[in-house]
Amino acid sequence: MTGKGTQGAVAYDGTAALKMTDVEVPVKKKKHFPHRKRLKGRKEAAPAEKPSLAARSAQWTVPGAILAILAVAMVVVLTLASYAQLVMVNDQVVDLRSDLRQLQDEETQLKAQYELAYDLKEIEQQLINSGQMMKAQSWQTYTLELAEPDAVEYYQASDFLQQVTTFAKDLVTAVKEYF
């Protein structure tokens with residue numbers, strides 16, 4: 001085939017395509033790093049083929065297998081030790097709860113005995129009969145001091161002059177404390 005306007009030129013018809021005889025695998029081109037110098041006379045070793053990820057994960061080495069077994073054994077031992085401690089603590093809690101119930105029962109019994117030992121109505125009746133105590137009148141004011149422990153203070157009857165002196169001392173003390 002010849003083209004118009006061309007002298008002696010032959011047009012390409014696609015019949016001269018390269019025919020491959022074997023299956024060719026494309027080869028990766030090596031990157032050129034100009035800053036690296038190759039040593040003369042030394043051949044580069046062909047890179048070893050790396051096994052795939054699946055192949056690497058299926059391979060076990062002896063030290064790796066031993067480490068895995070030791071790790072599993074340690075976890076099992078620690079779990080058993082923790083379980084043993086839990087059982088011991090649980091037993092102690094059960095014992096302490098039993099002791100608490102016994103102590104609460106004993107407390108109830110002791111409170112009842114204490115109330116029976118000091119019958120306040122009987123003590124009041126004895127003091128009223130002896131004249132050491134009189135019944136409270138409606139005009140009297142009661143003050144209870146709860147900050148201090150329980151105590152009984154017995155006051156002797158005093159004359160008018162002694163009461164006035166005590167009142168004056170208490171008044172002076174109160175004024176000093178206020179200012």
Side-chain angles (χ1 to χ4, degrees), residues 28 31 33 35-36 45-179:
K28 291 183 181 178
K31 294 182 180 179
F33 295 103
H35 62 277
R36 292 187 186 173
E49 290 186 25
K50 294 182 180 179
S52 68
L53 182 60
R56 273 191 275 158
S57 65
Q59 295 174 353
W60 279 90
T61 61
V62 173
I66 290 173
L67 285 175
I69 291 171
L70 288 176
V72 169
M74 188 179 352
V75 168
V76 168
V77 168
L78 289 175
T79 303
L80 289 175
S82 298
Y83 182 73
Q85 286 179 345
L86 178 65
V87 168
M88 290 171 46
V89 169
N90 191 26
D91 289 343
Q92 290 175 352
V93 168
V94 168
D95 291 341
L96 290 174
R97 283 185 180 165
S98 174
D99 291 346
L100 178 65
R101 284 189 205 107
Q102 290 175 353
L103 289 173
Q104 286 173 341
D105 292 342
E106 186 177 342
E107 177 192 20
T108 305
Q109 290 173 355
L110 289 174
K111 280 183 178 180
Q113 289 176 358
Y114 178 78
E115 289 175 1
L116 291 176
Y118 298 103
D119 186 14
L120 294 179
K121 290 190 179 199
E122 183 181 325
I123 294 171
E124 179 184 6
Q125 191 63 38
Q126 287 177 354
L127 290 174
I128 290 174
N129 290 341
S130 69
Q132 294 177 344
M133 188 170 114
M134 62 180 209
K135 284 200 171 205
Q137 303 298 320
S138 61
W139 53 271
Q140 292 176 320
T141 304
Y142 296 100
T143 304
L144 297 176
E145 180 64 41
L146 299 177
E148 296 180 17
D150 293 340
V152 175
E153 294 182 16
Y154 178 71
Y155 293 102
Q156 296 262 347
S158 58
D159 61 349
F160 181 73
L161 182 62
Q162 188 178 11
Q163 289 179 354
V164 171
T165 308
T166 306
F167 176 74
K169 286 181 185 178
D170 290 342
L171 183 64
V172 170
T173 305
V175 170
K176 285 181 181 178
E177 287 179 2
Y178 182 76
F179 294 108

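Remark: side-chain polar atoms of T108 are paired, donor with acceptor, to backbone N or O of Q104 under 3.5 angstrom.
The side-chain heavy atoms of K121 and Q125, taken from C-beta on, include no pair separated by under 4.5 Å. For the pair E106/L103, a side-chain contact is recorded, criterion being any heavy-atom separation below 4.5 Å from C-beta on.
When the side chain to side chain contact (heavy atoms under 4.5 Å, CB included) test is applied to I128, the partners found at least two apart in sequence or on another chain are E124, M133, K135. Applying the salt bridge (Lys or Arg N to Asp or Glu O under 4.0 Å) rule to K169 yields no partners; only residues at least two apart in sequence or on another chain are considered.
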Expected list for residues 83-91: side-chain donor-acceptor pairs under 3.5 angstrom, two or more places apart:
none

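Atoms CG and OG1, on L161 and T165 in that order, are 4.5 Å from each other to the nearest 0.5 Å. Atom-to-atom distance recorded for I69:CD1 and M74:CE is 13.0 Å, nearest 0.5 angstrom. Here CG of L110 is found 11.0 Å from CG of D105. Values are rounded to the nearest 0.5 Å.
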